[in-house]
Amino acid sequence: MRWAAWVVAIVAVGMGLSASPVRSQSTGVQRLYIFDCGQGHAADQSRWSPGVNVGVPMDVSDNCYLIHHAQGYLLWDTGIPDAVATLPEGLPGQNGAPSWRRQKTLAAQLEELGVKPSDIKFVAVSHTHPDHIGNVELFPQAMLLVQQLEYDWPLPSGGARFNPQHPVTKLAGDHDVFGDGSVTIISTPGHTPGHQSLMVKLPKTGVVILSGDAAHFKDNWDNRRVPAFNTSKEQSLASMERVADILTKEHGQIWINHDKPQSDAQKKSSDFYE
Ligand SMILES: [Zn+2]
């Protein structure tokens, strides 16, 4: 009879000891924080919805998202440059693009949480428009996660979109950031050549897809409208269908970065989602 061994086993389990280490300590998302990374105002909504709501002005949100994973922090999008917070009149828009203001800096919102810029392990940006990459260099040590196609896409002036000194992992499609399926970059080209979205599996909230600019606001998402300035209408439509399919499969929800009514209804840092 080996019941002595059984006793040892039962006592070990009761004390939380087991042969294999508890993996949950290094896997999974713990919290997601939403930061206010700019407030935009555009004179004509039809810049994003061709032929619809022509001449109707629109306010837009511009969010950044901090994901606290057991292995470290990932920042998704970096918003309008923090320096805009010092401009009394904000940053005027050009050629129909929104004007921008910043009430709080990204740096201040991180500090409020006790998170130092050097604590950020990964910075991933949905794409390289200025309202998403404004503070990448606040995190010079963080590994940048960006699609190769976006990285190599020249500026209209011909220059590079990122500081060539910044550490970078150039992606070719989807990417499981922490290797446990909890945070996955989803390739969603069309708005720009290497646009990407982010799927986050939260323990209580469930699956959330952070849109980037795969859609700019709910009405455009619901009606699959594509802004005239997107680099590919065909890819934009395919990417929206892809995101919709994932949402169905995962019973997830989409959080649209620039949708101000949705954003206004969400919890903002220092509150958080689990
Ligand atoms: Zn954009």
Side-chain angles (χ1 to χ4, degrees), residues 34-50 52-53 57-65 75-82 84 90-102 106 123-136 144-157 159-162 171 185-198 209-221 223-240 242-243 254-260 262-263:
I34 306 178
F35 296 140
D36 175 357
C37 276
Q39 309 88 43
H41 178 80
D44 184 354
Q45 190 189 122
S46 70
R47 170 183 170 80
W48 296 277
S49 56
V52 178
N53 289 327
M58 183 173 65
D59 290 324
V60 296
S61 50
D62 189 32
N63 293 329
C64 304
Y65 305 84
L75 182 68
W76 173 252
D77 277 339
T78 69
I80 289 292
D82 273 1
V84 171
L91 191 67
Q94 290 176 339
N95 305 319
S99 59
W100 293 104
R101 290 173 186 273
R102 236 195 193 281
L106 174 57
V123 170
V125 293
S126 57
H127 65 299
T128 50
H129 284 156
D131 49 325
H132 297 263
I133 59 163
N135 297 294
V136 168
L144 185 60
L145 303 176
V146 62
Q147 298 291 321
Q148 172 110 44
L149 286 171
E150 192 77 6
Y151 194 91
D152 293 342
W153 184 35
L155 286 167
S157 64
R161 288 175 184 262
F162 295 100
L171 307 174
I185 289 173
I186 307 284
S187 171
T188 50
H191 180 59
T192 61
H195 186 277
Q196 54 190 12
S197 303
L198 191 73
I209 292 186
L210 305 178
S211 63
D213 287 1
H216 288 77
F217 44 90
K218 187 173 184 300
D219 197 46
N220 263 14
W221 166 255
N223 293 285
R224 302 289 190 266
R225 290 195 194 106
V226 177
F229 65 93
N230 278 19
T231 54
S232 166
K233 182 173 185 177
E234 196 181 12
Q235 284 186 332
S236 299
L237 289 167
S239 289
M240 283 191 271
R242 182 163 188 232
V243 169
I254 183 166
W255 290 1
I256 303 177
N257 192 318
H258 293 307
D259 187 297
K260 191 170 187 307
Q262 185 189 41
S263 177

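Both ligands and their constituent atoms are indexed starting at 1 by order of listing.
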Centres of the H129 and H195 rings: under 6.0 Å? no

Of all the N, O or S atoms in [X], which one sits nearest to the Zn ion (ligand 1)?
X    : answer
H127 : NE2
H129 : ND1
D213 : OD2

Whether Q196 side chain and L145 backbone form a donor-acceptor pair below 3.5 Å: yes

Donor-acceptor contact below 3.5 Å, side chain R242 vs main chain S187: yes

Any N/O/S atom of H132 sitting less than 2.8 Å from the Zn ion (ligand 1), backbone or side chain? no

Pick one: which of T231, D213, T192 meets side-chain hydrogen bond (donor to acceptor under 3.5 Å, both in side chains) with H127? D213

